[in-house]
Protein chains: 2
Amino acid sequence: MDMTVSQAQIKAGAAAPKRPRGRPRKNEEDRGDGNRRGELLRSAARLFRRQGFDATSTRDIAAAVGMRSGSPFYHFESKSALLYAVMEEGMRSAIAKQSAVMTTAAAASTKVRLDAAMQLRALIRNHFNILLGHGNDFIPVMLYEARSITRSQRTALAHLQSTYEAPWTPVLHALHASGHLKADVKIARLLIFGALNWSVQWFDRRKGVSLDELTDESMKLFTGAP
Amino acid sequence: MDMTVSQAQIKAGAAAPKRPRGRPRKNEEDRGDGNRRGELLRSAARLFRRQGFDATSTRDIAAAVGMRSGSPFYHFESKSALLYAVMEEGMRSAIAKQSAVMTTAAAASTKVRLDAAMQLRALIRNHFNILLGHGNDFIPVMLYEARSITRSQRTALAHLQSTYEAPWTPVLHALHASGHLKADVKIARLLIFGALNWSVQWFDRRKGVSLDELTDESMKLFTGAP
DNA sequence: CCTACCGATCGGTAGG
DNA sequence: CCTACCGATCGGTAGG
């Protein structure tokens, strides 16, 4: 720390004292607001969503957080590692929000056996929020840029997606058993996710319809009752 | 035609006889199987769908039809003009197929007032075929690469899309009036298209489920009855 | 995290 | 439709 220049010079041929190289340790990058990695993730998500992955250069991302062109590679191995990080962060956050919502829904219910329709409503409402809520670019990026990650990354993501989708299946089975859902559960789940996910393409926050209304209409469409 | 070299040389400074330059006339490019433009369109559609627009180079497309790197620009002004041509061709073909289907459905019916559920079924079945049928890459490209065309191209496409969607609205209104569709018609249409369009992401032709089954389950999900 | 840079690739064009 | 080419941009890296 207090080593003088002359002392350093005595070690002839030894490396001069440098700032640490390489990517920062996990607990370094996660703490505080000096979280440049997080800023990169958020900016990358916004740009990837707006322009697409291929049309966004690492220079664009660097500029968005006030860095020079080469600096994102201090935080991420490659551009596609950055894309995958956006997707993974999006899925982890979505899974966390969904469990919180389901826990709350369960606690609010006075019945031992939860009403399946109410649960589906909670799942759909939360899903719309994840897709369309303000500043939520991570999941849209995951949905529409899956082509640009490697096969093994896709496999890893598929596990997170299974975790996310898991709570939907028993709810749909219950609704099928009670006659509220007529279609085959497996295909219904795929069609329902499609209907919801596609909203990213047309939903306009400024145009009147609220996420609650969207949820009501979805429930009517899929189960015949709000 | 029979002008000799010496005759040509007499016209000092005049342009020597050349093969015609520029893009071919409309009636030239549309006739016969020497339709290189059509081959370019089909190959571009396949590559754009597989790899995405940005990840596909004009060299890839040229190679796919056995051309050299610069030759696609003989047929199309630019790469994005090629993309737009794929989308437009996709929409025109889809509109044509849909009208044919609706005409047939009307002719097959003995009732003056067509059954709305039967019409919706026909529309959905045809839509699945357009999305998932063998070699149909044009519409998937249109659905997932809209970001890469210009605003004015998007406006032009929107007109074609309105034409395509037009027959759906009265059918959905009829089903709403008869109580088979509970949701708001406008939102229902958006959600239904989402459910269908998303199938491009997960449908696997080799995995058992047929387009007819998919249509049945869709009808059950949206109207409660196959 | 910055400076300075490299090799590769890409859309597009002139001229035949 | 081919040949030969150009300018621009891009992901990524060495070294500090």
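In what follows, every chain begins at residue 1, and chains take the letters A, B, ... in the order their sequences are listed.
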Q. Across the strands shown, which category fits S57(B) at heavy-atom distances under 4.0 angstrom: base, sugar-phosphate, nothing?
A. sugar-phosphate

Q: Would you classify S80(B) as touching base, sugar-phosphate or nothing, given that sugar-phosphate means primed atoms plus P, OP1 and OP2, and contacts are heavy atoms under 4.0 Å?
A: nothing

Q. Does R59(A) make a side-chain N or O approach to OP1 or OP2 of dT9(D) shorter than 4.0 Å?
A. no

Interatomic distance where [atom1] belongs to [X] and [atom2] belongs to [N] [whole Å]:
X	N	atom1	atom2	result
D54(B)	dC10(D)	CG	C1'	13 Å
R68(A)	dC1(C)	CZ	C1'	10 Å
K79(B)	dT9(C)	NZ	C1'	11 Å
L40(A)	dC1(C)	CG	P	7 Å
F76(B)	dC1(D)	CZ	P	11 Å
I61(B)	dG12(C)	CD1	P	11 Å
F73(A)	dG11(D)	CZ	C1'	5 Å
E77(A)	dT13(D)	CD	C1'	13 Å

Q | Per S69(B) side chain, nearest of listed nucleotides dA4(D), dA4(C), dC1(D) | A | dA4(D)

(Q) So if I take every side-chain heavy atom of H75(A) and compare against dG12(D), dC1(C), dC2(C), which nucleotide ends up nearest? (A) dC1(C)

Q: Could you tell me which nucleotide pairs with dA14(D) by Watson-Crick or G-U wobble geometry, both distances under 3.5 Å, or answer none if nothing does?
A: dT3(C)

Q: If dT9(C) has a Watson-Crick or G-U wobble mate with both distances under 3.5 Å, name it; if not, just say none.
A: dA8(D)

(Q) Here's one to test your reading of the geometry: is the NZ or CZ of K79(A) within 45 degrees of the ring axis of F53(A) and under 6.0 Å from its centre? (A) yes

**Q.** Nearest-nucleotide 5' precedence on DNA chain D, G70(A) against D60(A)
**A.** D60(A)

Q. If you take all heavy atoms of I192(A) and F222(A), which pair is closest and at what distance?
A. CG2-CE1, 3.8 Å

Q. Do you know which two heavy atoms are closest between L160(B) and R92(B), and how far apart they sit?
A. CD2-NH1, 3.9 Å

(Q) Would you say Y164(B) and H159(B) are linked by a side-chain donor-acceptor pair, where the criterion is simply a distance under 3.5 Å? (A) no

Q. So, does R68(B) use its side chain to make a donor-acceptor pair with the main chain of R59(B) at under 3.5 Å?
A. no

